[in-house]
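Beneath this line is the structure, given in structure tokens, with notes to follow.
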2 protein chains.
Amino acid sequence: MIPIANIKDVANKAGLSVTTVSRYLNDHPYISDEKKKKIQKAMEELDYAPSTLATQLRSNRGKTIGVLVSRITNPYFAYLVDAIEKKVKQGGYHLLIMQTYGDKQEEINTLNMLKEKTISGVIMCSVENDFRTIESYTKYGPIVAAAQTDFKSNSLHFIMTNQEQATYDAIKFLIRKGHTRIAYSTGGDFTENSHGAYRNRGYLKALEDAGIQFNKEWVFTDNHTIEDGMAIAIRLSKLVESRRPKAIFAGSDEVAIGIIQKLEELNIHVPKDMAVMGFDNQPFSALAKVPITTVAQPVGALGQQAAELIASMLEETEYEVDQSQLKLKIIERESA
Amino acid sequence: MIPIANIKDVANKAGLSVTTVSRYLNDHPYISDEKKKKIQKAMEELDYAPSTLATQLRSNRGKTIGVLVSRITNPYFAYLVDAIEKKVKQGGYHLLIMQTYGDKQEEINTLNMLKEKTISGVIMCSVENDFRTIESYTKYGPIVAAAQTDFKSNSLHFIMTNQEQATYDAIKFLIRKGHTRIAYSTGGDFTENSHGAYRNRGYLKALEDAGIQFNKEWVFTDNHTIEDGMAIAIRLSKLVESRRPKAIFAGSDEVAIGIIQKLEELNIHVPKDMAVMGFDNQPFSALAKVPITTVAQPVGALGQQAAELIASMLEETEYEVDQSQLKLKIIERESA
DNA sequence: ATGAAAGCGCTAACAG
DNA sequence: CTGTTAGCGCTTTCAT
């Protein structure tokens, strides 16, 4: 691991000053072609690459964007990260991935990296803390959150999809299929200010509008994985039939596939005995044992726009989010 | 976006020198408790956080590890990244994710970030260039590749699983099931030095050992996604039955699920008309329409050990890879 | 068109 | 135990 040449070495070799070399590096005007050649030659011979560390320290601007996800193994986040990465790369940015696993403190830790200049901006694909708290970190750098909210802020920016409406539509879809006994699974805890509060509202509102009584026994909280879905199925199966729902909004395709799998194992058939509705429209959803009826999220557009928005904040240019690209859509297949 | 306090501000506020503050920051001995308190207080009041940029520039050691994957949306890589992230976090490192999408130049670009000090080390979860080339970048920082190879190097380190043996075993498994017409899909181009060369060898060797004639018509190259799998199924279906294989080694569960899905649509049944063998044992594989028989990769151990290995190189300590954790294993389900 | 010199925020001799 | 000082590699006035 040999010491790498620095700008001074290049300057010496080229018989010029560091200033000129720096100018060359930054595409300044006023350098004669002759010297340009010399510099290029020196750089090649020395196998030179400018230290991003020094550049960033001096110019006070980095090229790394932090991306917060709850876990990268959730395909929803993987696809989001993919879309973000493709876009930011165009602007010469890089992505530092941080997983929170639902932990508030981990999220704060990442936000603090803004202060330490480890990253220059943050895209929050999931959010754990309340927006008031998060907003307070915008004084350290730009933050974009992908989340639905009423929270108004000049400094904290959002890329929003209408989760409430989509959930309302999804429940309505089940109701139109004749369902009235509709269970509900969420990644949060079903309280007012938690994860998925908007979806909760959509669920409640759809029931209410249809004159269906809400049944607290039928809400399942804190579910994220295939295993969580399986656990739900087991609980569902243990309910005597008179108290058992006939449909469930799973909150994610991962949970949905777990539910379906276990239900079938337990000889409860989908959708005949139990309709299951997913969320996300992940690649495997169409290919499951019972293809999943779900709501598609516009991940590609979401990631791309989040990337463009954060870049515009970093570069102090304007960017207008295009809501028309951010629509959710029910995909009807066989599970409901 | 307010300017952040620096070490000098803290020193001034605490009425001490920057050295003492720096010592405090780095847990040096020999600071009186009284001053420690003062420093803590000053830091809090100023909302101070040390600039990682300056620290790294000065100490010439960063805390960011680059991770190269071909695409993060492939669950194999997502789980690998997850395992790596969990481990490096313990050492205070962060992960910069780079996707190559199979592009050699992208891989080189990432390796070059070592030179620029953007990252301090690289874990290559996928590899595109030849090892001779990659090895030449080790002079800029530690590189760990997760790949099987005979390439010997003092500077370039490997975390290896025996892909050849696993493929041999998988093909053997099919042969024991009575198959002799076995097709083969790979992510590479089936040449000697490409992607998956070891798997190719395993395939060829298993055929040879069983006295089965190799049929070039039955190898499908450059397949990675579910869509690629579907395309294979279509090509398979177009073969007249006398020239059609009765089994296929898909190379990945993603490709396998695509093949199975499309085959079933085309009324060719798995495994009756065509056995399909996957690779990776991804979470959805057990839950597919026809649960996939596959070979499980030890992603967790792979990620963890890659992380420990790179950390040991960065910290110049010793680390011995534990091969016993790195075994591949056939998981028999229904597709073959 | 080019260069000298100051300094970004921090660490590490060295001196006391 | 604490402070002074010289850089790490780069950008950026300010001269020339």
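Per chain, numbering begins at 1; letters A, B, ... match sequence-line order.
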List the atom pairs, with distances to 0.1 Å, where a side-chain N or O of residues 5-15 of chain A and a protein N or O form a donor-acceptor pair under 3.5 Å, not counting sequence neighbours.
{"residue": "A:Asn6", "atom": "OD1", "partner": "A:Lys8", "partner atom": "N", "Å": "3.0"}
{"residue": "A:Asn6", "atom": "OD1", "partner": "A:Asp9", "partner atom": "N", "Å": "2.9"}
{"residue": "A:Asp9", "atom": "OD2", "partner": "A:Asn6", "partner atom": "N", "Å": "2.9"}

Quiz item: Taking B:Asn129 for the side chain and B:Ile134 for the main chain, is one N or O donor matched with an acceptor at less than 3.5 Å?
Solution: no
Exercise. Identify the two heavy atoms, one from A:Val122 and one from A:Ile310, that lie closest to each other, and give their separation to 0.1 Å.
Key: O-CD1, 3.2 Å
Quiz item: Taking all non-hydrogen atoms of both residues, which atom of B:Met313 and which atom of B:Ser155 are closest, and how far apart?
Solution: CE-O, 3.8 Å
Quiz prompt | With B:Ser70 via side-chain contact (heavy atoms from CB on, under 4.5 Å) - residues at least two apart | solution = B:Phe77, B:Thr100, B:Ser126, B:Glu128
Quiz item: Which residues satisfy the side-chain contact (heavy atoms from CB on, under 4.5 Å) test with B:Asn154, sequence neighbours excluded?
Solution: none
Quiz item: Less than 4.0 Å between a side-chain N and a carboxylate O, is that true for A:Glu135 and A:Arg132?
Solution: yes
Round to a whole Å and report the spacing from [atom1] of [X] to [atom2] of [N].
X: B:Asn12; N: D:dG3; atom1: CG; atom2: C1'; result: 13 Å
X: A:Glu34; N: C:dA1; atom1: CD; atom2: C1'; result: 11 Å
X: A:Tyr24; N: C:dA1; atom1: OH; atom2: C1'; result: 17 Å
X: A:Lys36; N: C:dA1; atom1: NZ; atom2: C1'; result: 12 Å
X: A:Asp9; N: D:dC8; atom1: CG; atom2: P; result: 10 Å
X: A:Lys35; N: C:dT2; atom1: NZ; atom2: C1'; result: 7 Å

Every protein N/O within reach of nucleotides 9-12 of chain C N/O, cut-off under 3.5 Å:
{"residue": "C:dG9", "atom": "OP2", "partner": "B:Asn6", "partner atom": "ND2", "Å": "3.3"}
{"residue": "C:dC10", "atom": "OP1", "partner": "B:Tyr48", "partner atom": "OH", "Å": "2.6"}
{"residue": "C:dC10", "atom": "OP1", "partner": "B:Ser51", "partner atom": "N", "Å": "3.0"}
{"residue": "C:dC10", "atom": "OP2", "partner": "B:Ile7", "partner atom": "N", "Å": "2.3"}
{"residue": "C:dC10", "atom": "O3'", "partner": "B:Thr55", "partner atom": "OG1", "Å": "3.3"}
{"residue": "C:dT11", "atom": "OP1", "partner": "B:Asn26", "partner atom": "ND2", "Å": "3.4"}
{"residue": "C:dT11", "atom": "OP2", "partner": "B:Ser22", "partner atom": "OG", "Å": "2.9"}
{"residue": "C:dT11", "atom": "O2", "partner": "B:Arg58", "partner atom": "NH1", "Å": "2.6"}
{"residue": "C:dA12", "atom": "N6", "partner": "B:Thr19", "partner atom": "OG1", "Å": "3.3"}

Which side-chain N or O atoms in residues 78-86 of chain B pair as donor and acceptor under 3.5 Å with protein atoms at least two apart or in another chain?
{"residue": "B:Asp82", "atom": "OD1", "partner": "A:Gln99", "partner atom": "NE2", "Å": "2.8"}
{"residue": "B:Asp82", "atom": "OD1", "partner": "A:Tyr101", "partner atom": "OH", "Å": "2.6"}
{"residue": "B:Asp82", "atom": "OD2", "partner": "A:Tyr101", "partner atom": "OH", "Å": "3.1"}
{"residue": "B:Asp82", "atom": "OD2", "partner": "B:Lys86", "partner atom": "NZ", "Å": "3.2"}
{"residue": "B:Glu85", "atom": "OE1", "partner": "A:Gln99", "partner atom": "NE2", "Å": "3.4"}
{"residue": "B:Glu85", "atom": "OE2", "partner": "A:Gln99", "partner atom": "N", "Å": "3.3"}
{"residue": "B:Lys86", "atom": "NZ", "partner": "A:Tyr101", "partner atom": "OH", "Å": "3.2"}

Exercise. Please report how far the helix from C:dA1-D:dT16 to C:dG16-D:dC1 bends, comparing the axis fitted to its first five pairs with the axis fitted to its last five, to the nearest 10 degrees.
Key: 40°
Quiz item: Between D:dG3 and B:Thr20, is there an OP1 or OP2 to side-chain N/O distance shorter than 4.0 Å?
Solution: yes
